[in-house]
Novice: 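Pasting a structure here, questions to come.
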Number of protein chains: 2
Amino acid sequence: MRRPTLEAVAARAGVSRATASRVVNGQTTVAPHIRDAVLRAIDELGYVPNPAARSLVTQRTDSIALVVSEPPTRVFSEDPLFATVIRSASLELESVNKQVVLMLASSAKSHARVERYIAGGHVDGVMLISMHGADPLPSALSRLRVPVVSYGRPAVPVDIPYADNDNVGGAETAVRHLVDQGRRRIATIAGPQDMIGGQDRLTGYRNVLRDSDRRSIVAVGDFTRESGAVAMRQLLGDDPQLDAVFVANDLMAVGALQALRQAGRRVPDDVALVGFDDIEAAKYTEPPLTTVRHPVIEQTAAMVRLLLDLFAGAPAEPVVLPTALVIRDSA
Amino acid sequence: MRRPTLEAVAARAGVSRATASRVVNGQTTVAPHIRDAVLRAIDELGYVPNPAARSLVTQRTDSIALVVSEPPTRVFSEDPLFATVIRSASLELESVNKQVVLMLASSAKSHARVERYIAGGHVDGVMLISMHGADPLPSALSRLRVPVVSYGRPAVPVDIPYADNDNVGGAETAVRHLVDQGRRRIATIAGPQDMIGGQDRLTGYRNVLRDSDRRSIVAVGDFTRESGAVAMRQLLGDDPQLDAVFVANDLMAVGALQALRQAGRRVPDDVALVGFDDIEAAKYTEPPLTTVRHPVIEQTAAMVRLLLDLFAGAPAEPVVLPTALVIRDSA
DNA sequence: TGTTATGGAGAGAGCGATCTCAGGGTCGGG
DNA sequence: CCCGACCCTGAGATCGCTCTCTCCATAACA
């Protein structure tokens with residue numbers, strides 16, 4: 001007992017396959033009563049189009065790969081970034097009837113697997129979210145003649161459109177805010193330096209300090225809460241007099257806040273703290289976190305739009321979204 | 001400039017399409033020198049089989065959906081369970097040349113989307129990891145005549161094979177261990193009661209207490225670390241004399257440990273603690289956590305095997321893997 | 001030498017959709 | 001009343017592959 005085919009639907013409705021196909025694909029050039037007959041037949045038979053047959057002739061699959069090029073432990077960490085990107089990309093593409101296929105590319109072996117899958121034409125395009133500098137995937141995929149876009153500027157210079165947020169500018173705004181408050185010893189907890197976001201946010205910090213006659217005090221974390229606490233303790237050891245910290249993401253800022261509390265420093269009285277990302281948790285810290293908004297959903301939407309542009313043959317230029325300082329109580 | 005077809009490969013190698021196909025699919029009935037010629041042609045043209053055309057005739061897609069029926073926030077939480085299942089399922093299926101397609105089914109809307117995708121025949125089978133009682137997906141999918149297996153016993157009674165671990169038995173072993181140590185007031189931090197794992201582990205706790213003439217003291221968490229801390233504080237309020245706690249998963253146990261420390265209780269001297277799952281972090285707590293091993297990788301492998309059995313037409317009976325008490329320092 | 005296995009290659013029929021193109025109505029205008 | 005325009009519908013080719021079936025060549029045996 002096989003699944004019903006379009007042929008069966010057509011027979012039952014008393015029309016040709018072509019007409020049935022027209023109805024299935026929502027063409028308007030079909031007489032209403034015939035349309036209804038076909039729809040009824042579809043319903044009665046429980047017809048669902050065979051995607052293989054369809055994509056064989058259309059040369060489309062209507063599915064898009066979201067390749068996350070990170071070890072699973074990072075993807076499935078407490079960082080809500082990936083979850084948000086995945087969810088909003090799915091949502092965004094759902095509205096144009098495309099399905100997101102999530103692929104994790106951690107090891108070199110899984111890279112090869114992903115490449116084979118993409119090269120095989122299983123998907124119409126690729127959204128890449130890869131943050132590490134050494135990642136060979138962006139260039140590998142761009143060679144495959146498949147439409148590829150990236151979430152965030154690829155670390156390796158490679159000619160694929162991307163949607164990013166203004167990491168440098170955001171960091172500059174944050175640090176300038178601390179300068180404007182008259183803070184003198186402004187430290188930073190930077191992100192990992194093999195990630196473009198980590199680099200750019202540190203650059204922003206340095207830019208402002210350079211122009212404002214202050215010495216830079218840097219500790220490096222890896223974007224996890226734990227590493228934020230560790231880095232904060234280290235900074236307090238390096239310079240017990242520090243009166244402000246710019247933290248490269250909110251997760252580390254939460255850890256830093258904890259470390260400051262344990263060290264008996266009041267925030268913002270003794271030490272002002274600015275984070276980056278504006279994750280949900282930033283509202284609920286004690287005190288609520290002043291931070292730079294990283295528009296994840298908008299950035300994802302922009303990335304999706306870039307991909308759709310590529311499909312349409314339109315030119316797709318990189319997009320950089322502005323960030324905005326969200327002032328709460330920690331600075 | 002289109003992708004080369006099998007026809008092109010055959011032409012270049014001077015053989016028929018059928019022979020080229022035989023080589024591509026690794027059949028042995030091809031003369032070595034012809035085989036080589038075809039392989040060379042494949043290499044020179046950069047030929048990759050068209051999956052749509054292939055699955056149109058074979059009626060296979062060689063991809064398997066892993067449907068995670070949880071809100072993304074839970075999937076991408078600090079709980080390493082999902083990451084491990086995803087990784088080991090991919091690994092396991094890779095060896096039989098099948099690709100895992102990850103689908104998140106959180107809302108009712110995404111349920112419909114997943115169902116449509118599966119019904120469309122995009123995948124050969126489905127692995128379901130769904131923990132909530134009210135989840136309509138198991139029964140919905142089982143109606144679709146697609147091979148479906150489940151990670152963990154489905155909360156609704158439905159006829160799909162599953163691989164589970166012995167939650168009840170594991171909990172019993174843990175609590176018995178506490179009884180054997182002469183603990184008198186043994187509390188539990190249970191998991192969410194709309195999840196089968198949460199229910200079963202509480203059942204195990206109750207079974208042993210009932211037989212050992214002790215009163216049960218229950219607080220309920222939601223498997224997150226935070227909720228473990230909250231529940232522990234509540235238990236200490238309810239019965240300041242308690243001398244042991246069985247915690248339904250390690251994540252909550254970590255939180256409980258923290259709460260106990262803050263309350264000035266020594267572990268295991270004042271209060272003994274047993275967790276469940278044996279996650280990596282359990283080794284590194286202070287003191288290291290005594291816990292029940294939940295064999296995630298083996299269980300995933302068993303689930304994959306069940307699915308492959310279904311493909312082969314073999315009967316697939318539910319599998320329940322044994323758990324084992326891992327004794328460290330907390331009890 | 002004739003006959004039967006046997007191994008290896010090719011011809012051709014599908015798989016289930018889309019899409020172009022041609023043909024048969026209906027209608028309005030001359 | 002005839003004809004061109006227009007709107008629907010159907011016939012049939014096509015997408016790229018697998019797989020059965022047939023056929024040929026060589027080997028093995030009597």
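Numbers restart at 1 for each chain; the letters A, B, ... are given by sequence-line order, proteins then strands. Just so you know, these numbers use all the heavy atoms, side chains as well, and skip hydrogens, waters and symmetry mates.
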Novice: Need to verify one output field. Residue with the more 5' nearest nucleotide on DNA chain C, B:A53 or A:V57?
Specialist: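 The residue mapped nearer the 5' terminus is B:A53.
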Novice: Kindly say whether B:R17 contributes a backbone atom to a donor-acceptor pair with the side chain of B:S21 at under 3.5 angstrom?
Specialist: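 No, B:S21 side chain to B:R17 backbone: no donor-acceptor pair under 3.5 Å.
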Novice: Of the non-hydrogen atoms in A:V304 and A:A89, which two are nearest, and what is the gap between them?
Specialist: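 Residues A:V304 and A:A89, closest heavy atoms: CG2-CA, 4.3 Å.
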Novice: OP1 or OP2 of D:dT18 less than 4.0 angstrom from a side-chain nitrogen or oxygen of B:S21, does that happen here?
Specialist: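 Answer is yes, contact under 4.0 Å.
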Novice: Side chains of A:L137 and A:H111: does their closest heavy-atom pair fall under 4.5 Å?
Specialist: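 A side-chain contact under 4.5 Å exists here.
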Novice: What is the bend of the helix from C:dT1-D:dA30 to C:dG30-D:dC1 when you compare the axis at one end with the axis at the other, using five pairs each and rounding to 10°?
Specialist: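 Result, rounded to 10 degrees: 50°.
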Novice: Does the side chain of B:S110 pick up a donor-acceptor pair with the side chain of B:S107 at under 3.5 Å?
Specialist: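 On atom types as modelled, these side chains qualify, holding a pair under 3.5 Å.
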Novice: Answer yes or no: does a side-chain N or O of B:Q27 lie under 4.0 Å from OP1 or OP2 of C:dG8?
Specialist: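 For B:Q27, the contact criterion (side-chain N or O under 4.0 Å from OP1 or OP2 of C:dG8) is not met.
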Novice: From NE2 of A:H33 over to C1' of D:dC7, roughly how many Å is that when rounded to an integer?
Specialist: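 In whole Å, D:dC7 C1' and A:H33 NE2 are 13 Å from each other.
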Novice: I'd like to know whether CD1 of A:I297 has more than 12 heavy-atom contacts from other residues, nucleotides or ligands below 6.0 angstrom.
Specialist: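 No, because the 6.0 Å sphere around CD1 of A:I297 holds 12 heavy atoms or fewer from other groups.
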Novice: How many Å lie between CG on A:L56 and C1' on D:dT14, as a whole number?
Specialist: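 In whole Å, D:dT14 C1' lies 9 Å from A:L56 CG.
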Novice: Can you tell me how far CG of A:L102 sits from CD1 of A:I86, rounded to the nearest 0.5 angstrom?
Specialist: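 The CD1 atom of A:I86 sits 4.5 Å away from the CG atom of A:L102.
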Novice: Which protein N or O atoms sit under 3.5 Å from an N or O of nucleotides 10-13 of chain D?
Specialist:
{"unit_1": "D:dG10", "atom_1": "OP2", "unit_2": "A:S16", "atom_2": "N", "d": "2.9"}
{"unit_1": "D:dG10", "atom_1": "OP2", "unit_2": "A:S16", "atom_2": "OG", "d": "3.2"}
{"unit_1": "D:dG10", "atom_1": "OP2", "unit_2": "A:T19", "atom_2": "OG1", "d": "2.8"}
{"unit_1": "D:dG10", "atom_1": "N7", "unit_2": "A:R22", "atom_2": "NH2", "d": "2.8"}
{"unit_1": "D:dA13", "atom_1": "N6", "unit_2": "A:R17", "atom_2": "NH2", "d": "3.1"}

Novice: Scan A:P51 against the nucleic acid and name what it touches under 4.0 Å (heavy atoms): base, sugar-phosphate only, or nothing.
Specialist: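 No contact.
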Novice: Between A:S142 and A:I160, which heavy-atom pair has the shortest distance, and what is it?
Specialist: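 That would be CB-CG2, 3.6 Å.
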Novice: For the pair made of CD in B:E7 and C1' in C:dA13, what is the distance, rounded to whole Å?
Specialist: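 Answer to the nearest Å: 15 Å.
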Novice: Applying a 4.0 Å non-hydrogen cut-off, can you work out what A:V30 is touching in the nucleic acid: base, sugar-phosphate, or nothing?
Specialist: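 Sugar-phosphate, no base atom in range.
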Novice: Which word best sums up how the rings of A:Y151 and A:H294 line up, parallel for under 30°, tilted for 30 to 60°, or perpendicular for over 60°?
Specialist: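 Geometry flag for A:H294 against A:Y151: tilted rings.
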Novice: I need the CD-P distance between A:Q59 and C:dA17, as an integer number of Å.
Specialist: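 Between P of C:dA17 and CD of A:Q59: 17 Å.
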Novice: Counting only side-chain nitrogens and oxygens, does A:N50 get under 4.0 Å of the OP1 or OP2 atom of C:dC15?
Specialist: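 No.
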Novice: Does anything in residues 88-103 of chain B form a salt bridge (charged side-chain N to carboxylate O under 4.0 Å, His left out)? List the pairs, not counting sequence neighbours.
Specialist: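 Only A:R113-B:E94, B:D62-B:K98 qualify under salt bridge (charged side-chain N to carboxylate O under 4.0 Å, His left out).
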Novice: Can you tell me how far C1' of D:dC7 sits from CZ of A:R35, to the nearest Å?
Specialist: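 Whole-Å distance recorded here is 17 Å.
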Novice: Within this structure, what is the CG-to-C1' distance between B:L6 and C:dA11, rounded to whole angstrom?
Specialist: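 Rounded to the whole Å, the gap is 15 Å.
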